[in-house]
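Below is one structure; the comments refer to it alone.
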Protein chains: 2
Amino acid sequence: MVASLKQIARECGVAISTVSRALNGHPSVSPATREQVVATAARLGYRPNTAARALRSRSSSTVGVVLPDMLNNFYAACTAVLQEQFEQRGYGMVLAVTRNDPSREREALQRLSSAQVEGLVLVPTSRRWELPGAQVPVVEMNRHSSRSGVDVVQSEERDGAREVVEHLLALGHERIAVIVGEQQFSTTLERVDGARQALDAAGLPLPAEYLLYGRHTRAWGAEAFRAAWALRPRPTAVFAASSELALGALHAAQRLGVSIPRDLSLVAFGDPDWFEVCQPPLTSFEQPLHEVGMIAAQLLLSRLSGEQAAPRASRVRVRGRLLVRESTAAPA
Amino acid sequence: MVASLKQIARECGVAISTVSRALNGHPSVSPATREQVVATAARLGYRPNTAARALRSRSSSTVGVVLPDMLNNFYAACTAVLQEQFEQRGYGMVLAVTRNDPSREREALQRLSSAQVEGLVLVPTSRRWELPGAQVPVVEMNRHSSRSGVDVVQSEERDGAREVVEHLLALGHERIAVIVGEQQFSTTLERVDGARQALDAAGLPLPAEYLLYGRHTRAWGAEAFRAAWALRPRPTAVFAASSELALGALHAAQRLGVSIPRDLSLVAFGDPDWFEVCQPPLTSFEQPLHEVGMIAAQLLLSRLSGEQAAPRASRVRVRGRLLVRESTAAPA
DNA sequence: CTGAAAGCGCTTACAG
DNA sequence: CTGAAAGCGCTTACAG
C-alpha cells in the first residue's frame, strides 16, 4: 500500500488540504502541525503522485527531448547536459528517439504532447513539423527546421567547415573530397556551404563528384571513402563531416592500406574521446556540444519561467575549434 | 486550447463515457457513433491526457531505467535496446542517472516511484537499495546487488575475464597487470575472480600491486597504466577491464611512447566501434550488450504481463566472446 | 491557521 | 448500445 495524503491526514487527524499545504511549504500552517505531518509522511514513506499533481495543477514539471539517436556521441553528450540542467531546476525529462524518420518524429511529438510536457528540445528531422495539442515552447537544437517562432541553438557549422577546408588549403591541398550525411539537414547544407566558401575564396571548384551525400552512418563513411579513393584525379584530402562518417572512413582507409596522412589527409567533424587514440590521431573540428546543450536548456528554461515575455525567437550559434592532430599533412 | 473528451462529447452530442469507449476500442459502441467520434477526435487533434489516464486507471504504462551514465557506450547501447522493446509493447520509459552515487540512486528511485512506474530496470550502485512506495518488479542489469527476489541479467563476467587472461597466458605472458574499476561492484569482483582463476590454473600468482582498483574512468585507466608500467618487475601485459579504462590506458601508452604490442600487450573489455580503428586495434572481450538489454526488457515485460505468477527470481548470464586483434602478442 | 468543497481529465462499473 | 455517476490523488480558492 502506497501512502497518500488521505492516509497522512487520517493519522494526523487533520484535513487533506492541511497536509498538502504542510508538505508543500505553504506558509499558513502552524509549526506544530507541519512538524507532525512531515514526520508522519516520512514514516509512511509518502511520495507525491505526480500524475495527480500534474492533472490538478495543469503543470507536469516535465520537458521533452526529441533526438535522432542516443548512441550518437554528440547527442548522448548533449542529452547528459540537458538532463542535468533540467533536473537542477526541478523538471523531469522525457526522451524520444526519431532515427531521423519524420513519421517517428510525428509519433514522438504526439507522445510528448500526451505527456503534457511543458516545453521541448527538438533536433528536427524534417523541414516542417507540427506540434499537436498544447502549443508549448520549443527550442531546436543542432539542426533547424524552416519553422519560425522557435529558438534555435547550434554550432557554427559554416565557419567550422570553412576553417577545416582552409586548413587543408593552407597545407597545399587542391583536390578535397567532402563526405556528408543527409542532404536535407540544415547542418549538411551549412557544412557544404562553408567548405565551398573556402574553396571559392581560393579560386578552386568543388566538383559534384567530390561531394558525397549519404547518411550519417559508419557504413556510408566507409563507402564514400572508397568512392573518394577511386576518383580520378584522386583527391589528396578527405573531409568527413561527422564522427560517424570519420569512423567509417578511417576503417575503410585501413582496409585499403591507405596510409594517412602520407597517401591522403583526413579531417573530421566532432570530437569523441577516441579521436585522440586512433590511427592516426584525427585532426578534427570540435563542436561545442557542451555549450549547445547548456544554451538549449537555458533558452527553454527561461521561456518556461516566463522571463522572456514572448520576445523574438533567439538564434544562437556557438563557435567550435579546429584541433590539428596527425591525420593532416601536405600532399605528397 | 487542447482537446478533451468533454469537447469531443459536446461536438458529437454524446456522453463523455461513450467517447472514451469509442476511442479505446471498446466493443459496445455502434459503428456510426464510433466513426463520428474518431473523426471528431482527429479533427480536434485530440491527445489523451496521460496523467488523467494514469491517475484513474492506476497504471502509468511507464517503466523506469536507472543507470550510472548515459555517456558510457555500454549503457547507451543497452538503453537504446530497452527503449525500443518497451516502446513496442506500449510502455513509456523514464530515465534516471546515478553516476554510481548511492544517494543519487536513492533520489532516482524516489522520483520514479513518484512517477508510478510499473517496473524498473536498475544498474545497482550499492549493495543494498530500497524501493520506496509501491513494490513493483525490478530487474537488475549488468551488476547485481545483494537483494533477493529480483531478476538479474548480466554478462558472464567471470568466464570473460578468465578467457582474456588465458589468451595472454597462451601467448606466454606471466606477469599480467589488471586494471579495474570500483572494488564494490559485482562486475569488478567477478572480473578479478575470473582473472585469478586463470592465473591459479597456470600456477601463477596475482600480486596485490598488479591488481589496480580505481574507478571506471579514462583518467584512472591512464593513471593505472602508468603505475603498471612503473612496476618492477615490469608486467608484460595489461588487462584493462572496461572500454573507458582501455581508452585511458591506450592514451597513456602513446604518451609514454610504449609500443603496443611490442613493449607490452593490452587487452580490453567491451567493444565500442572505435576499438577497431585505434592504434593498435584492440584485442578485447566483447560483452553481449544487445542480448543483455533484450533479456532485461523481456524479463520485466513478462513480470508486468503477469505471465510469471511470482516464480523464483531469474538469474541470467550471457556469454560474450574474445576478439583477437592486434594489441596482443608474445612477450619480448 | 484550518477545513469542506470543487474539479483537473479520464475510466469503469452500473443502470437502463 | 448509451448515459449518469463515482472516484483516482492532488491543489487551491473560499469561508471561517
Side-chain angles (χ1 to χ4, degrees), chain A residues 1-38 40-41 44-62 90 92 113-118 132-134, chain B residues 1-38 40-41 44-62 90 92 113-118 132-134:
Chain A
M1 190 52 214
V2 33
S4 65
L5 290 190
K6 200 170 169 183
Q7 235 170 99
I8 301 175
R10 198 178 332 125
E11 295 239 357
C12 296
V14 298
I16 291 179
S17 45
T18 300
V19 177
S20 171
R21 281 189 287 254
L23 256 21
N24 289 316
H26 196 284
S28 67
V29 176
S30 79
T33 308
R34 164 166 290 133
E35 199 179 330
Q36 188 198 5
V37 166
V38 168
T40 309
L44 262 39
Y46 172 73
R47 298 265 75 224
N49 181 321
T50 51
R53 181 174 277 178
L55 181 57
R56 169 60 227 223
S57 63
R58 299 168 146 296
S59 94
S60 63
S61 292
T62 295
S113 168
S114 264
Q116 327 296 127
V117 294
E118 297 179 26
Chain B
M1 190 50 212
V2 33
S4 65
L5 290 190
K6 201 171 169 183
Q7 237 169 98
I8 300 175
R10 199 179 330 126
E11 296 237 357
C12 294
V14 297
I16 292 179
S17 46
T18 301
V19 177
S20 172
R21 281 189 286 253
L23 258 18
N24 289 316
H26 196 284
S28 65
V29 177
S30 79
T33 308
R34 163 165 290 131
E35 199 180 330
Q36 188 197 5
V37 166
V38 168
T40 308
L44 263 39
Y46 171 73
R47 297 264 77 224
N49 182 320
T50 51
R53 182 175 275 179
L55 180 57
R56 171 59 229 222
S57 63
R58 300 168 145 294
S59 94
S60 63
S61 292
T62 295
S113 168
S114 265
Q116 326 296 127
V117 295
E118 297 178 25

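Letters go in sequence order (proteins before strands), and every chain restarts at 1. Any value given below was found using the heavy atoms of this structure, including those in side chains, with hydrogens, waters and symmetry copies removed.
For the pair Q36(A) CD and dT2(C) P, the interatomic distance rounds to 10 Å; values are reported in whole Å. Rounded to whole Å, the distance from CD1 on I16(A) to P on dT11(D) is 11 Å. One interatomic measurement links the two molecules: NZ of K6(B) to C1' of dC8(C), which rounds to 10 Å at whole-angstrom precision. When rounded to the nearest whole Å, the span between NE2 of H26(B) and P of dC10(C) equals 17 Å. For the pair I8(A) CD1 and dT2(C) P, the interatomic distance rounds to 16 Å; values are reported in whole Å. The distance from atom CZ of R10(B) to atom C1' of dT2(D) is 19 Å, rounded to the nearest whole Å. Between the CG atom of L5(A) and the C1' atom of dT12(D) there is a distance of 13 Å, rounded to whole Å. With rounding to whole Å, R47(B) atom CZ is found 19 Å from dC8(C) atom C1'.
Residue T33(A) places at least one side-chain N or O under 4.0 Å from the OP1 or OP2 atom of dT2(C). At the phosphate of dT2(C), neither OP1 nor OP2 sits under 4.0 Å from any side-chain N or O atom of S28(A). Taking 4.0 angstrom as the limit, S4(A) places none of its side-chain polar atoms (N or O) nearer than this to OP1 or OP2 of dG9(D).
Under a 3.5 Å cut-off, the side chain of T40(A) and the backbone N or O of Q36(A) do form a donor-acceptor pair. Judged by distance alone, the side chain of E118(A) and the main-chain N or O of S60(A) form a donor-acceptor pair under 3.5 Å. T50(B) places a side-chain N or O within donor-acceptor distance of the main-chain N or O of S114(A), the cut-off being under 3.5 Å.
The base of dG9(C) does not come close enough to the side chain of R56(A) for any donor and acceptor atom to sit less than 3.5 Å apart. For dA4(C), its base sits under 3.5 Å from the side chain of S17(A) at one donor and acceptor pair at least.
Candidate nucleotides dC1(C), dG9(C), dT2(D) were compared by shortest atom distance to the side chain of N49(B), and dG9(C) ranks first. Listed nucleotides dT11(C), dC10(D), dT11(D) differ in distance to Y46(A); the shortest reach to its side chain belongs to dC10(D). Which of dC8(C), dG9(D), dC1(C) sits closest to the side chain of R58(B) comes down to dG9(D).
Across all strands shown, dA15(D) forms a Watson-Crick or G-U wobble pair with dT2(C), both key distances being under 3.5 Å.
Nucleotides of DNA chain D nearest to L55(A) and R21(B) differ in position, and the one nearer the 5' end is that of R21(B). Sequence order on DNA chain D of the closest nucleotides to A52(A) and G13(B) puts G13(B) first from the 5' end.
Proximity of L23(B) to I8(B): side-chain heavy atoms (C-beta onward) are separated by under 4.5 Å at one or more points.
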Q.
Working note: N49(B) + Q116(A), criterion side-chain contact (heavy atoms from CB on, under 4.5 Å); need CA distance, chi angles, decisive distance, verdict.
A. CA-CA 7 Å; N49(B) 182 320; Q116(A) 327 296 127; 3.5 Å; yes
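Note on S30(A): only backbone sugar-phosphate atoms sit closer than 4.0 angstrom, heavy atoms only; bases stay farther off.
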